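Every value quoted in this text rests on a predicted model; they were computed, and no experiment measured them. Note that the numbering runs from 1 along the sequence shown for the chain.
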Amino acid sequence: MLFGYVAILPAQQMQVRAATANQNNIVARANYLYNATWVCQKTVSGWRGNYTFTKGNTYHLPYGQPVSAGAYIGYSVSVDAFLEAAANANSVFYTSKSNYAGKYSTYYATDCSAYVSWSWGTSRNTTATIPNISTYIGSVTTSNVTNKLQLGDCLNSTSAGHVVLVTGLSYNASGAVTGIEITEQTPPQLKRTNHPVSSLVSKYGSSYKIYRYNGTVPGAPDGSSAGSATTSFGVKVSAGLKNWIFNAAYYKENNSDLSPLNDEQLYDHF
C-alpha cells in the first residue's frame, strides 16, 4: 500500500527541499494578505462592475487596478488601514472607486502583480517587469514543476498579463513535487487553489514561465510564520494543501490498527 511504503522509507532515500528563510517569509507575507478578510458593510460593485460585494458577506482582498484613482493595498495603504476602512460603511472604500483606463473597482484594491511583488517584499512591479527582478527557472513543464519548482516561485505570463504565486508544495518520497498550492489576486477577489502537477501544467503550460526571487524578503508585518505543517520527512506543507493530500478518515479505515489515533496523530504517522 502506498501509505505504508512512504512511511517506511529509510532516511537516506528521502530527498526533501527545505524552505529557506526568504521562502518562508514569502509564504508568510502571502498568507498575511490572504488572511486579511473583511466583512462587507455596504453592498458595492467590484472589478469593472462585473461583481457585487454583498453587505454581510466575508471576502478576501478585492481585485482592482488603482493606478489613476484609489490605493493599492500594502503599498499606498496598509492592510490595517484597509481593514479599518472596510469596517466603516461611510469610508472612502465604499464611497469612491479605484480606476485605471476606465476600469473601476473598490477604492482600495490590488492586482496580481502587486500581490506577488508585496509577497516578495519588493516595490510594486507588473507582469512585464517581474522578470527583471527575478531569476528565470524555465517554462511550466512537467519536468520543471516536478524537479525545480520551489516555495515562493511565481508563474508569470507577460502575454496573458497575469502572475500567480506558489504558496504550498507537497512531495513524494523521492523529493519530487506532486501537489502545488497557488494563490492569486484575480477578479473578483484573492483566491487559493490546489493542483496536481498535471493540472498545473495543463492550466499554465502554454505561456507561463517560472521565476524565482532571490533577494532578501522581510517577514510579515504581524510577525507570523509561514503557517506550515511539517511532515515526517521534514517537508513543509501549507495547511490547505495538507487537507488536500491527506484524508484522515480514509487512512484510518485502511489502517485499522491506528484507530485510537486522532487526526493529527494519523497525519504524523502518514
Side-chain angles (χ1 to χ4, degrees), residues 26 29-54 57-89 91-134 153-167 182-193 203-204 206-209 211 213 221:
I26 290 172
R29 291 173 67 86
N31 288 342
Y32 175 75
L33 292 183
Y34 186 76
N35 293 330
T37 57
W38 54 285
V39 178
C40 188
Q41 301 300 309
K42 182 168 64 177
T43 297
V44 62
S45 60
W47 178 242
R48 306 183 75 172
N50 294 329
Y51 185 82
T52 298
F53 295 108
T54 304
N57 289 351
T58 300
Y59 299 97
H60 292 285
L61 298 188
Y63 181 91
Q65 297 176 359
V67 177
S68 304
Y72 273 97
I73 299 169
Y75 289 103
S76 306
V77 63
S78 70
V79 172
D80 286 342
F82 154 69
L83 292 175
E84 183 178 355
N88 179 3
S91 73
V92 68
F93 178 70
Y94 296 100
T95 60
S96 297
K97 292 288 185 183
S98 61
N99 176 36
Y100 175 62
K103 295 173 286 190
Y104 297 89
S105 186
T106 54
Y107 188 80
Y108 296 136
T110 189
D111 59 23
C112 60
S113 52
Y115 176 73
V116 172
S117 299
W118 194 90
S119 298
W120 280 359
T122 72
S123 58
R124 186 171 63 84
N125 283 269
T126 68
T127 54
T129 61
I130 278 176
N132 300 336
I133 64 166
S134 56
D153 288 352
C154 78
L155 312 182
N156 184 75
S157 172
T158 55
S159 60
H162 191 49
V163 60
V164 304
L165 189 66
V166 176
T167 51
I182 292 294
T183 309
E184 59 181 318
Q185 186 69 60
T186 187
Q189 62 178 323
L190 188 63
K191 75 173 184 179
R192 181 164 280 176
T193 53
K203 184 169 184 177
Y204 298 104
S206 59
S207 66
Y208 286 78
K209 301 182 185 302
Y211 291 94
Y213 182 67

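The backbone N or O of A30 sits less than 3.5 Å from a side-chain atom of Y115, completing a donor-acceptor pair. Within the 3.5 Å criterion, the main-chain N or O of T58 finds no donor-acceptor partner in the side chain of W38. When atom types are taken as modelled, the side chain of S105 and the backbone of Y63 share a donor-acceptor pair closer than 3.5 angstrom. The backbone N or O of K191 sits nowhere less than 3.5 Å from a side-chain atom of H60 that would complete a donor-acceptor pair.
The side-chain hydrogen bond (donor to acceptor under 3.5 Å, both in side chains) check on K97 picks up S45, with sequence neighbours excluded. Checked against salt bridge (Lys or Arg N to Asp or Glu O under 4.0 Å), D111 has no partners two or more places apart in sequence or in another chain. Looking at residues two or more places apart in sequence or on another chain, you find a ring-ring contact (aromatic ring centres under 6.0 Å, His included) between Y51 and F53. Partners of Y208 according to the side-chain contact (heavy atoms from CB on, under 4.5 Å) rule, which considers only residues two or more places apart in sequence or in another chain, are V140, L155, S157, A160, H162, Y204. K103 is linked by a side-chain contact (heavy atoms from CB on, under 4.5 Å) to W47, R48, Q65, Y100, A101, counting only residues two or more places apart in sequence or in another chain. For Y108, the ring-ring contact (aromatic ring centres under 6.0 Å, His included) criterion is met by no residue, not counting sequence neighbours. Residues satisfying the side-chain contact (heavy atoms from CB on, under 4.5 Å) test with S123, not counting sequence neighbours, are N125. Taking the side-chain hydrogen bond (donor to acceptor under 3.5 Å, both in side chains) definition, one finds that T186 meets it with nothing, sequence neighbours left out. Remark: T183 pairs with T167, R192 by the side-chain hydrogen bond (donor to acceptor under 3.5 Å, both in side chains) rule, at least two apart or across chains. For N88, the side-chain contact (heavy atoms from CB on, under 4.5 Å) partners are N90, S91, not counting sequence neighbours.
Closest of all the heavy-atom pairs between V92 and Y107 is O-CB, 3.4 Å. Between Q185 and L61, the shortest heavy-atom contact is NE2-O, 3.0 Å. Shown here for S117 and S113, the closest heavy-atom pair between the two residues is OG-O, 2.7 Å.
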Passes side-chain contact (heavy atoms from CB on, under 4.5 Å), V39 versus N57? Steps please.
CA-CA 6 Å; V39 178; N57 289 351; over 6 Å; no

As a quick check of understanding, evaluate side-chain contact (heavy atoms from CB on, under 4.5 Å) for N156 and V116, giving each step before the final call.
CA-CA 10 Å; N156 184 75; V116 172; over 6 Å; no

Check against side-chain contact (heavy atoms from CB on, under 4.5 Å), Y72 and S98:
CA-CA 9 Å; Y72 273 97; S98 61; over 6 Å; no

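At least one side-chain heavy atom of I73 sits less than 4.5 Å from a side-chain heavy atom of P62. Counting only heavy atoms from C-beta outward, the side chains of C154 and W120 approach each other to under 4.5 Å.
Distance check, rounded to the nearest 0.5 Å: OH of Y94 to OG1 of T43 gives 9.5 Å.
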Identify each donor-acceptor pair in which a side-chain atom of residues 75-86 lies under 3.5 Å from a protein atom, sequence neighbours left out, and give them as a table.
residue: Y75; atom: OH; partner: W118; partner atom: N; Å: 2.9
residue: Y75; atom: OH; partner: T122; partner atom: O; Å: 2.9
residue: S78; atom: OG; partner: A81; partner atom: N; Å: 3.0

